[in-house]
2 protein chains.
Amino acid sequence: MSNLKDVAELAGVGVGTVSRVINNQVSVKPKTREKVLAAIKQLNYVPNEIARNFKMQKSNLIALLLPSIWNPFFSELAYYIEDELDREGYKLILCNSGGKPAKELYYFDMLSQNKVAGILGITYNDIESSLDTEIPIVSIDRHFSKSVPCVTSDNYTGGRIAMRELYKAGVRKPAFLGAITSVFSETMLRKKGFIDEAETLGLDYIIYEEPDPVLDDLKYFGNFFKVREHREVDGVFAITDLFAAKYIDQAQKHGIRVPQDVKVIGFDGIQDSTLFHPILSTIRQPVEEMARTSVKLLLTQISGNAISQDTIRIPVHFRPGETT
Amino acid sequence: MSNLKDVAELAGVGVGTVSRVINNQVSVKPKTREKVLAAIKQLNYVPNEIARNFKMQKSNLIALLLPSIWNPFFSELAYYIEDELDREGYKLILCNSGGKPAKELYYFDMLSQNKVAGILGITYNDIESSLDTEIPIVSIDRHFSKSVPCVTSDNYTGGRIAMRELYKAGVRKPAFLGAITSVFSETMLRKKGFIDEAETLGLDYIIYEEPDPVLDDLKYFGNFFKVREHREVDGVFAITDLFAAKYIDQAQKHGIRVPQDVKVIGFDGIQDSTLFHPILSTIRQPVEEMARTSVKLLLTQISGNAISQDTIRIPVHFRPGETT
DNA sequence: AATAATTATTGAAACGTTTCCAAAATGGTG
DNA sequence: CACCATTTTGGAAACGTTTCAATAATTATT
C-alpha cells in the first residue's frame, strides 16, 4: 500500500503538493497536477481515510440512533437518511437503542468517543441532561429544550385530520388508541389533535393508553375491549399503523367487523399497510422529506452554521384505504 | 480534551504504562494502576478512538451491504446483526446498494478506503471479480466460489416443505412465483425444492418467473393471471412473503378467494405477515440465527482464524397461517 | 549479600495525513 | 534587466495512540 510520500517521491514533488492535488485546492500548477496525478495512477494510490480522520480529528460518520430498525417506519426513514448521507459523502452508523435510556446513553458515549461528525436521534427517553454538546445533533419527533433542532411531521394536524375523516365516515363515538411514554414527544400531539377535533365536532370520545404493548398485545387489547364494550365505539384512531393493524386483528377475533362496525385510521403510512386486508386508512407521514430535511439540517450544523428554526413540522396527509 | 501524555504526567508515569492500563495488559503493578486510574478520573480522560484506529490501521466498523434496509426481511436481519456486533464491540455501517452492481462496487471501494474491519454482504450481482481480498467478508444468501463463507437458510428444504404443505392442504396444480435474477443465488434453491417435491408427488406445476416486479406489480401479476387462467392453479408458492402478499392482493381483485380457491405459502416469515389478512402461511427463516452466525463467522475471520465451512445452511420451518 | 532471573516501566519512533511558514519560482513593471 | 508582487512549492511539525527495545526495579536463588 503506497502513501502520500511515495507519490510525492515518484512525482518529484513535496508531500504538501500531493495533498493539495488530492484535495483540489486551487493553487497548484496544471503541469504539476498532471505529474502528481500520473504518479497516483501508477502507484494505485488511494488516500488513507483513517489517517485523514485522525489528522482532522473528525470522521465522516453520522450515527442514526433509534429504537429499532426492525420497525417498518424507522426502516423507511433509515433508507432515505442513508441515501441522503451518501450523496453528501457521509457514512451511516446504525444504533438500535431498544428505546432503553441506558442503551441510549451508552451509545451517546460511544459515539462521542468515536468522534462521529453528527447524530440523528430518535429517542423517546429523557437524555437531555447528558447530551454531549460537542457533537451536532438533530432530533426526530422529539423536541429538546436545548438548542437541538427537531424535525417532525405535523402530528397535531394529523390527529385533527384523522378525527375529521372518521367523522366523515360516519363515526360518532371515536376512540384514541395510544401508548404511554415517560417523556414528552411530538407524537403526543396526535392525541391532542384528535381531542381538539372531536370537541370541535361536539363528540364524546375515549382515550385509551397503556404502556407500549410491544410484548403483550393481547393484554393491551383485551383490556381495551373491556372498556370498549360499554361505550359503543364505532371508530378508532390508532397512534401508529402497527397499532391499528393489531387492533383490527384483535377486533376481528372479537367478531367486530372493520369497517362495517368500526372504522379505523392509523398513522405513518408504512409501506406494508397497503398489503393489510382491509387496506388501512392512514395519516401518511412525509418520510422521505423528513429524512432529507434532518440530514440537511445536521450537515448545516456540522459545517458550523447556525440553525434558524427550532422545530420543523412537515405536513401530513390522509391516505384513504378500506377501513374508513 | 486531555490525552495520554497528560494522564502520564499527572500520574507520574510513562505513556506506555498508561496505555497498558487502559488496554488491561497484565504486567502493571497494582499500585501503579491505581495512580493511573486516579489521574484518568481526575482529568476525565477518554481514549481517542480515532487515534487508536489510526495507529492500528483498522477500525472497529463492520459494513452491512444490502439492497434496501426498507425491506422488512433485511431490516429484521440488520436488527440482529447490529445487536450481535454491539455485543462484540463493533459498530455497524449501513449501505443500501439498491441491488445495483455499480453501487455495490462503489461501496466496496469506499469501505476498503475506510478500512472497515469486515463486510457482511447481501449482493445479488456478480461482484466476485472485484472483491478486495484484503477485507474479510461473509456473504449472506449468495455463494461465491472464492473463499468467502456464505450463510444462508436451507432454501432447498424450504421449497420442498412448502410444496408438501400445499399438497397436504389439497393442492394439485401448484405454481411457483419467482423473480429472475442475473446471477445464481441460494434463494433459487427454493424453486428447485419446490420442483423436486412436486415431481416426487407426481404433480404438474407451473414455474412463473419475470424480472423482479419492484416497480410494476400490476404487470407482473397481470401476466401471471393470463398464464394462470388456463391451468387451474389451486396453490401458489411465492418466493418471498411480500410476493405472496402482493399475489393475494391481486388475486382478490380478480375474484379469486384465498384460501378457498387458491392456497398460498410465502417465504421468510416477516413480522408483518402475521398482520396480513388472511394471515400468511409461510416458510420461516431463522433470521436471528442467520444474523448471529454471520457475525460470528466474520469475527472469526477478522481475528485471523480460518473458516472450516464454506456454506452454512440453517434449517427453516413451516409457520401455518390462514392461507393454506 | 551478591547475583541471576524475572517483572515492570520508560519514552522514542511510527502510523499517513494536513497545515503552515518559509523559500522558490513566476510574472509584471518601469 | 532589476525590482517587487504574486503564485506555487517544499517539508517539518503535529494529531494521540501503540509498540518495542532498553532500562530499572523487584524477587528468587545461592
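Just so it is clear: chains get the letters A, B, ... in the order the sequence lines come, proteins before strands, and each one is counted from 1. Since this is a predicted model, take the numbers as computed values, not measurements. Scope of the values below: all heavy atoms of this structure, side chains included, with no hydrogens, waters or symmetry mates.
A:Gln113 has its CD atom 11 Å from the P atom of D:dT17, to the nearest Å. Distance, A:Asn60 CG to C:dT17 P: 15 Å, rounded to whole Å. The distance from atom NZ of B:Lys5 to atom P of C:dA13 is 13 Å, rounded to the nearest whole Å. What separates CG of B:Asn3 from P of D:dG16 is a distance of 5 Å, to the nearest Å. Nucleotide C:dG16 holds its C1' atom 14 Å from the CD1 atom of B:Ile50, rounded to whole Å. Counting to the nearest Å, the C1' atom of D:dA14 and the NZ atom of B:Lys55 are 16 Å from each other. To the nearest angstrom, P of C:dG16 lies 13 Å from CD of A:Glu9. Atom CZ of A:Phe54 is separated from atom C1' of D:dA13 by 12 Å (rounded to the nearest Å).
Regarding contacts with the backbone of D:dG10, a side-chain N or O of A:Thr17 is found under 4.0 angstrom from either OP1 or OP2. OP1 and OP2 of C:dT17 both lie 4.0 Å or more from every side-chain N or O belonging to A:Ser19.
Residues A:Pro72 and B:Pro72 are not in side-chain contact: their nearest non-hydrogen atoms beyond the backbone lie 4.5 Å or more apart. When side chains are defined from C-beta on, A:Gln57 counts as touching B:Asn48, because their heavy atoms get closer than 4.5 Å. Under the 4.5 Å side-chain criterion, counting only non-hydrogen atoms from C-beta, B:Leu61 is in contact with A:Leu61.
At the heavy-atom level, B:Asn23 lies under 4.0 Å from the strands shown only through sugar-phosphate atoms.
Of the candidates C:dT17, D:dT9, C:dT9, C:dT17 carries the atom nearest the A:Ala51 side chain, counting heavy atoms from C-beta on. Checked against C:dG16, D:dT18, C:dT9, the side chain of B:Lys29 finds its nearest nucleotide in C:dT9. If you check C:dC15, D:dT18, C:dT18 against the side chain of A:Leu4, the one that comes closest is C:dT18. Listed nucleotides: C:dT17, D:dG16, C:dT9. Nearest to the side chain of B:Asn48: D:dG16. Between D:dT8, D:dC15, D:dT18, one nucleotide has an atom nearer to the side chain of A:Gln57 than all others, and that is D:dC15.
If you find the closest nucleotide of DNA chain D to B:Val15 and to A:Pro30, the one lying nearer the 5' end belongs to A:Pro30. When the nearest nucleotides of DNA chain C are assigned to A:Ile22 and B:Gly12 by heavy-atom distance, the more 5′-ward of the two goes with B:Gly12. With the nearest nucleotide of DNA chain D identified for both B:Pro47 and B:Arg20, B:Pro47 has the one nearer the 5' end.
Without hydrogens or angle criteria, B:Arg142 side chain to B:Glu186 main chain gives no donor-acceptor distance under 3.5 Å.
The only member of A:Leu111, A:Leu120, A:Ile119 that meets side-chain contact (heavy atoms from CB on, under 4.5 Å) when paired with A:Cys95 is A:Leu111.
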